[in-house]
Amino acid sequence: ISMPCRPPRGKGGDISLDEFGIFLPNMSKQVYTAALYVISRGGTIEVGSTPLGCIGRFYEICTDKKKCPAYQRFNVPWWFSTALCIDVGTAVREAPNMNTEERVEKFATETLKEIFRNDVLEDFQQECECLFIDSAESYITLEEIYFCTPGMNEDYSNEDLEKDLEFGEVDSFFGKELQICKTVDD
């Protein structure tokens with residue numbers, strides 16, 4: 001069973017949570033909890049994803065072996081792929097001991113080299129090298145963003161949003177409608 005960001009219900013069997021690191025925090029909790037009970041009737045959970053920050057259930061599964069001891073963990077960076085790497089056999093042996101710039105120069109396809117040249121190092125490392133980028137380097141952490149975003153914070157509902165915000169007039173900005181809102185101080 002492959003679940004597209006919805007809690008699995010009603011069937012037993014193997015569960016595949018694809019791109020689980022991208023699930024919104026509240027949804028990842030619901031999906032993961034439901035998946036555990038689906039496999040209680042037999043089956044396994046397979047979790048795979050590109051990392052997205054040091055937050056969420058996927059991050060916990062990948063990094064906390066005490067909290068999630070039943071998982072086998074595998075990292076599959078770009079140099080394991082013949083679509084991205086010109087010499088997988090050598091790269092698998094040598095790339096882990098090189099920095100990103102060196103391994104891209106030596107082993108990447110021309111397309112991947114072009115992507116690397118046009119991206120930020122940390123984004124490339126997260127997208128292609130299975131690296132969890134610490135949000136502590138960010139001006140606004142993912143936790144702060146999620147806390148203030150309805151649907152991403154399980155403790156903050158749309159009703160809370162309507163109660164805590166004061167809405168202004170609708171205006172047009174470069175042909176797009178936008179409504180200004182501000183928090184209401186108690």
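- The main-chain N or O of T50 is never found under 3.5 Å from a side-chain atom of E127 such that the two would form a donor-acceptor pair.
- Not one N or O on the side chain of E129 forms a donor-acceptor pair closer than 3.5 Å with the backbone of W78.
- A 4.5 Å side-chain heavy-atom check between W79 and E94 finds every atom pair outside the cut-off.
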Are K113 and R117 close enough, and set up right, to give a side-chain contact (heavy atoms from CB on, under 4.5 Å), and what steps lead you there?
-> CA-CA 6 Å; K113 286 179 183 178; R117 285 191 289 269; 3.7 Å; yes
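- Both M98 and L121 sit in one connected hydrophobic cluster of ILVMFWY residues. Membership requires side-chain heavy atoms under 4.5 Å apart, directly or through other members.
- Residues Y71 and V47 come closest through the heavy atom pair CE2-CG2, 4.1 Å.
- Aromatic ring orientation, Y59 versus F132: perpendicular (interplanar angle above 60°, classes split at 30° and 60°).
- For the atom pair CE (M27) and CD (Q30), the distance works out to 5.0 Å, reported to the nearest 0.5 Å.
- Residues passing the ring-ring contact (aromatic ring centres under 6.0 Å, His included) test with F116 are F124, sequence neighbours excluded.
- Under a hydrophobic-cluster definition in which Ile, Leu, Val, Met, Phe, Trp and Tyr are linked whenever side-chain heavy atoms come within less than 4.5 Å, directly or via other members, V104 and I86 are assigned to different clusters.
- Taking 4.5 Å as the limit, every side-chain heavy atom of L52 sits out of range of all side-chain heavy atoms of E19.
- Under a 3.5 Å cut-off, the side chain of D119 and the backbone N or O of I115 do not form any donor-acceptor pair.
- Minimum heavy-atom separation, R73 to D64: NH2-O, 3.7 Å.
- Within the 4.5 Å cutoff, no side-chain heavy atoms of L131 are placed close to those of P51.
- The neighbour count for E105 CD, taken as heavy atoms of other residues, nucleotides or ligands under 6.0 Å away, does not exceed 12.
- When all heavy atoms of A91 and P96 are compared, the pair lying nearest together is O-CD, 3.6 Å.
- Minimum heavy-atom separation, L17 to I45: CD1-CG2, 4.1 Å.
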Determine all donor-acceptor pairs shorter than 3.5 Å in which one atom belongs to a side chain in residues 35-44; sequence neighbours excluded.
unit_1, atom_1, unit_2, atom_2, d
S40, OG, Y37, O, 2.5
R41, NH2, K11, O, 2.9
T44, OG1, D14, OD1, 3.2

Start with the C-alpha gap between C128 and L84, add the side-chain angles, then the distance that decides, and say whether side-chain contact (heavy atoms from CB on, under 4.5 Å) holds.
-> CA-CA 10 Å; C128 297; L84 303 172; 5.6 Å; no
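- Hydrophobic clustering, with ILVMFWY side chains joined whenever heavy atoms are under 4.5 angstrom apart, keeps F80 apart from F74.
- For the atom pair CZ (F20) and CD1 (I61), the distance works out to 5.5 Å, reported to the nearest 0.5 Å.
- Taking 4.5 Å as the limit, every side-chain heavy atom of F23 sits out of range of all side-chain heavy atoms of F58.
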